[in-house]
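So the structure is just underneath, and the comments pick up after that.
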Amino acid sequence: MNEKVIAAGFGGQGVMSLGQLLAYAGMIEEKQVSWLPSYGPEMRGGTANCGVIVSDGLIGSPVVVGDATCLIAMNKPSLDKFEVDVISGGKILINSSLIKDKTTRTDIDAFYIDANTIAESCGTVKAANMVMLGAFLELTKTVAQDSVLQAFVKVFGENKAKFVPMNREALNKGAEAVK
């Protein structure tokens, strides 16, 4: 297994958290991981993306450019910028709540997930990143959902553990959206 993921969107959509949780869950499962964030100085509202690699073998470079196995696009500018970086046969997960266009790629598998609406049904639109992560996990089986939820508490602290049930629901609904 060697998943190379680009997660991208506006600052504040949780793409960095998505990447951190995926990488940390990989560490929990004793896999090789890297997480490389990239974001503008604007913070909320500016562009943000990260590259995550989860592998059974050693990782030579943390950079994911031109060889991503999956793109998780939370907004249209991210889809436009990064869809070319997905390998033929890869996957593109598209937040159809904010992206009305379809991907131009015909050599990949595209999944359109109404992440914002699904997240709202879980209690907050802020869980859209977890909906997308749940869809990704269902499609790739890169790590277990339980590992992501363990990582959630480790990354955000015990005082945020009260949000685990809502995030579990978001992961599950994201998985259901691509079944």
Side-chain angles (χ1 to χ4, degrees), residues 3-26 34-54 63-66 68-87 90-105 108-140 142-143 145 148 151-152 155-156 163 166-178:
E3 285 292 334
K4 294 183 173 186
V5 182
I6 298 172
F10 293 128
Q13 286 185 298
V15 295
M16 297 301 176
S17 297
L18 184 159
Q20 280 183 306
L21 292 172
L22 180 57
Y24 206 111
S34 72
W35 172 69
L36 188 62
S38 175
Y39 47 91
E42 304 90 356
M43 294 294 278
R44 291 194 183 276
T47 58
N49 69 81
C50 64
V52 179
I53 302 173
V54 181
V63 179
V64 181
V65 177
T69 57
C70 184
L71 166 63
I72 300 172
M74 296 296 289
N75 62 20
K76 177 79 167 99
S78 297
L79 176 63
D80 293 343
K81 182 175 182 178
F82 294 108
E83 72 179 327
V84 299
D85 287 320
V86 179
I87 61 171
K91 296 171 181 51
I92 299 180
L93 282 64
I94 297 170
N95 179 3
S96 62
S97 297
L98 300 179
I99 304 169
K100 301 307 175 197
D101 297 340
K102 304 295 183 196
T103 180
T104 59
R105 299 277 304 269
I108 53 87
D109 293 321
F111 300 88
Y112 299 89
I113 302 146
D114 192 3
N116 290 31
T117 303
I118 294 169
E120 282 184 280
S121 76
C122 297
T124 178
V125 73
K126 290 181 180 182
N129 62 336
M130 296 300 276
V131 171
M132 296 298 276
L133 182 55
F136 170 79
L137 296 177
E138 177 65 27
L139 294 168
T140 66
T142 302
V143 295
Q145 267 192 24
V148 169
F152 184 90
V155 170
F156 297 111
F163 297 114
M166 180 190 61
N167 283 283
R168 181 184 307 277
E169 181 182 3
L171 289 170
N172 286 333
K173 287 187 176 184
E176 289 170 18
V178 293

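- A distance-only check finds a donor-acceptor pair linking the side chain of Thr69 to the backbone of Lys4 [under 3.5 Å].
- Ser96 pairs by the side chain to side chain donor-acceptor pair (under 3.5 Å) definition with nothing, not counting sequence neighbours.
- A side-chain donor-acceptor contact under 3.5 Å links Arg105 to the backbone of Val86.
- Side-chain atoms of Phe156 and Leu21, non-hydrogen and from C-beta on, do get closer than 4.5 Å to each other.
- Annotation: the span from Lys126 atom NZ to Phe163 atom CZ amounts to 8.5 Å, rounded to 0.5 Å.
- Within the cation-pi definition used here (under 6.0 Å to the ring centroid, within 45° of the axis), Lys102 qualifies as a partner of Tyr112.
- Counting heavy atoms from C-beta on, the side chains of Leu79 and Ile94 come closer than 4.5 Å.
- Within the 4.5 Å cutoff, side-chain heavy atoms of Ile113 are placed close to those of Val178.
- Using a 4.5 Å heavy-atom cutoff, the side chains of Leu22 and Phe136 are in contact.
- Contact record, Ala25 with Val148: CB-N, 3.7 Å, taken as the closest heavy-atom pair.
- For the pair Gly14 and Asn129, the tightest heavy-atom approach, listed with the atom from each and the gap, is O-ND2, 3.0 Å.
- Shortest non-hydrogen contact noted between Met132 and Met74 is CG-SD, 3.5 Å.
- A donor and an acceptor atom, one from each side chain of Thr103 and Glu83, are located under 3.5 Å apart.
- Shown here for Asp114 and Asn95, the closest heavy-atom pair between the two residues is C-OD1, 4.4 Å.
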